[in-house]
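Below is one structure; the comments refer to it alone.
In what follows, every heavy atom counts, from backbone to side chain, and hydrogens, waters and symmetry copies are set aside. Note that the coordinates shown come from a computational prediction; the quantities given were computed from them, not determined experimentally. We name chains A, B, ... by the order of the sequence lines, and we start the count at 1 in each one.
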Protein chains: 2
Amino acid sequence: MSGGGASSSRGPYRKTAETRTAILEAALEIFAVSGFHSGSLRDVARRVGMSNAGVLHHFADKETLLAAVLDRRDEADVEEVRRLTSDEASALHALVHLARVNESKLEIVRLYAVLSTEATGLDHPAHGHFVDRYARTREFMREAFAALERRGRLKPGVTVESAAIGTIALMDGLQTQWLLDPGAVDMSAELARYLSGVTDVEFRAAI
Amino acid sequence: MSGGGASSSRGPYRKTAETRTAILEAALEIFAVSGFHSGSLRDVARRVGMSNAGVLHHFADKETLLAAVLDRRDEADVEEVRRLTSDEASALHALVHLARVNESKLEIVRLYAVLSTEATGLDHPAHGHFVDRYARTREFMREAFAALERRGRLKPGVTVESAAIGTIALMDGLQTQWLLDPGAVDMSAELARYLSGVTDVEFRAAI
DNA sequence: GTCTATATGGCGATAGAC
DNA sequence: GTCTATCGCCATATAGAC
């Protein structure tokens with residue numbers, strides 16, 4: 001839409017693009033703290049210094065705003081993982097790195113933790129988004145572990161499917177404990193430990 | 001309070017106790033689907049066939065109702081695990097069994113999944129409840145794995161602390177994927193697989 | 001592009017009748 | 001013990017001025 005063209009850096013629409021971005025950043029923080037239902041457009045508007053009607057000039061309604069926030073974050077995440085990944089084995093190293101980075105982004109961690117459970121309800125506006133997202137993430141993990149299996153680097157008794165599901169589950173669950181009590185768990189260290197346990201590769205949390 | 005005495009099965013307070021129970025069960029379902037902030041007292045009241053004022057006759061306010069729901073569920077869970085546990089090793093078998101049983105209790109799984117993430121916010125009324133609950137659960141798991149370690153039945157490289165944290169994280173994360181797409185994961189099978197991977201004990205999902 | 005004003009409706013909680 | 005009625009507040013969304 002408005003993201004790619006030259007029109008966004010100059011000309012009459014420059015300010016609009018900037019305002020949209022500011023709204024998206026504010027909405028991310030609000031939805032991360034309060035979830036979709038409880039986070040209000042007025043909270044978002046106040047954070048960017050305008051009225052709720054002003055926000056609704058840029059996004060048709062609240063659901064459209066949520067979808068835009070999620071799409072924007074997913075795009076950034078996919079790009080980051082792709083940037084760090086050269087082959088299928090390094091995808092898992094990239095994952096550990098991402099977990100480490102996330103330890104300094106509490107709001108974004110909370111956004112996904114809160115919304116992904118809130119969206120388990122069939123009638124939640126982001127239900128489809130998260131069902132698709134998890135299906136894609138499982139497929140991504142299957143490919144990474146399948147590459148290791150072909151080289152005989154999965155521990156005996158470990159299957160591609162259970163390693164894929166287990167890795168995602170562990171990351172999600174670690175986030176809950178970490179959000180409730182940041183001092184209680186070291187997310188990236190625990191993830192590295194798990195990956196080292198199911199493969200013959202050594203993973204480390206530190207860079 | 002009103003739970004223990006003979007007064008609850010007969011006499012003038014019998015009906016009150018029944019009504020309280022009905023309200024607690026309705027509230028569980030509402031909070032499970034919508035969380036605390038979005039789940040309304042009117043929804044709870046409609047489900048038990050009375051007005052919201054009627055509900056507030058039995059529970060001082062909405063927060064008191066939430067606390068009662070959580071205390072009631074925790075009590076039932078602790079009792080169930082204790083019933084199934086004879087020594088520290090069997091505690092882990094009981095956990096697998098509990099995961100299997102939970103696969104037929106979607107509402108209760110959702111209650112904890114939704115509320116535990118919603119409650120990561122410092123100002124959430126159930127924040128303290130969940131911080132305490134996770135601390136206690138981690139301690140319970142530490143004791144179970146420590147007993148196995150004393151008998152030399154932990155796999156090399158596995159520590160008591162990481163096994164405790166990892167087991168809880170895996171259970172929580174599996175629930176998210178399962179709630180979003182029940183056909184995509186077998187919670188108890190994956191838990192059994194994980195436990196078999198970190199110990200020298202064989203765990204099975206089936207009874 | 002942003003505002004104020006407003007329509008419409010849900011919320012938690014209280015007061016008081018029965 | 002439960003109801004109806006009500007208060008005060010906040011929500012989303014729209015209409016129309018500037």
Side-chain angles (χ1 to χ4, degrees), chain A residues 1-2 7-27 29-31 33-69 114 118 121 123-126, chain B residues 1-2 7-27 29-31 33-69 115 118 121 123-126:
Chain A
M1 293 280 222
S2 63
S7 63
S8 58
S9 58
R10 277 272 218 135
Y13 294 119
R14 184 182 57 87
K15 201 173 165 209
T16 291
E18 278 172 14
T19 305
R20 279 180 59 100
T21 301
I23 291 172
L24 287 172
E25 277 164 9
E29 290 170 28
I30 294 299
F31 290 150
V33 171
S34 307
F36 173 70
H37 289 306
S38 298
S40 78
L41 289 176
R42 280 181 153 84
D43 290 342
V44 174
R46 190 180 316 122
R47 197 173 268 261
V48 350
M50 59 197 297
S51 71
N52 66 329
V55 169
L56 289 171
H57 171 75
H58 294 277
F59 297 92
D61 55 27
K62 199 186 178 189
E63 290 191 20
T64 303
L65 175 59
L66 173 65
V69 169
V114 170
E118 191 182 40
D123 53 349
H124 193 283
Chain B
M1 291 281 219
S2 62
S7 64
S8 57
S9 58
R10 277 273 218 134
Y13 293 118
R14 183 184 57 91
K15 202 172 164 209
T16 292
E18 278 172 14
T19 304
R20 279 180 58 100
T21 302
I23 292 172
L24 288 172
E25 278 163 8
E29 291 170 26
I30 295 299
F31 290 150
V33 171
S34 306
F36 174 70
H37 290 304
S38 298
S40 78
L41 289 176
R42 282 178 160 85
D43 289 341
V44 174
R46 191 180 316 122
R47 199 172 268 261
V48 318
M50 60 197 297
S51 70
N52 66 326
V55 170
L56 290 170
H57 171 76
H58 294 276
F59 298 91
D61 55 27
K62 198 185 178 188
E63 290 191 19
T64 304
L65 176 59
L66 174 64
V69 169
L115 284 181
E118 190 183 39
D123 53 350
H124 193 283

Query - d(CZ, B/Arg20; P, D/dG1) in whole Å - result: 11 Å

Query raised in the report: A/Leu41 CG to C/dT8 P: how many Å, rounded?
Result: 20 Å

Report summary line: Here the residues of residues 50-61 of chain B within 4.0 Å heavy-atom distance, strictly under, of DNA chain D are B/Met50, B/Ser51, B/Ala53, B/His57, B/His58

Query raised in the report: B/Arg46 CZ to D/dC3 P: how many Å, rounded?
Result: 13 Å

Report summary line: When rounded to the nearest 0.5 Å, the distance separating CZ of B/Phe59 from CG of B/Leu41 is 11.0 Å

Report summary line: Out of C/dG12, D/dT2, C/dT2, minimum distance to the side chain of B/Thr19 belongs to D/dT2

Query raised in the report: Considering only heavy atoms from C-beta outward, does the side chain of B/His37 approach that of B/His124 to under 4.5 Å?
Result: yes

Requested in this report: Under the side-chain hydrogen bond (donor to acceptor under 3.5 Å, both in side chains) rule, collect the residues that match up with B/Glu63, sequence neighbours excluded.
Outcome: none

Query raised in the report: Atom CD of A/Glu18 and atom C1' of C/dT2: how far apart are they, to the nearest Å?
Result: 16 Å

Query raised in the report: Side chain of B/Arg42, base of C/dG12: donor and acceptor closer than 3.5 Å?
Result: yes

Requested in this report: Please state how far atom NZ in B/Lys62 lies from atom P in C/dT14, giving the value in whole angstrom units.
Outcome: 15 Å

Requested in this report: Give a yes/no answer on whether the side chain of A/Thr16 brings an N or O atom under 4.0 Å of OP1 or OP2 in C/dG1.
Outcome: yes

**Report entry** Spacing between B/Ile23 atom CD1 and D/dG1 atom C1', to the nearest angstrom
**Finding:** 10 Å

Query raised in the report: A/Phe31 vs A/Phe36 aromatic rings, parallel, tilted or perpendicular, using cut-offs 30° and 60°?
Result: tilted

**Report entry** Heavy-atom donor-acceptor pair, B/Arg42 side chain to B/Ser51 backbone, under 3.5 Å
**Finding:** no

Query raised in the report: Heavy-atom distance under 4.5 Å between the side chains of A/Ile30 and A/Arg47, does that happen here?
Result: yes

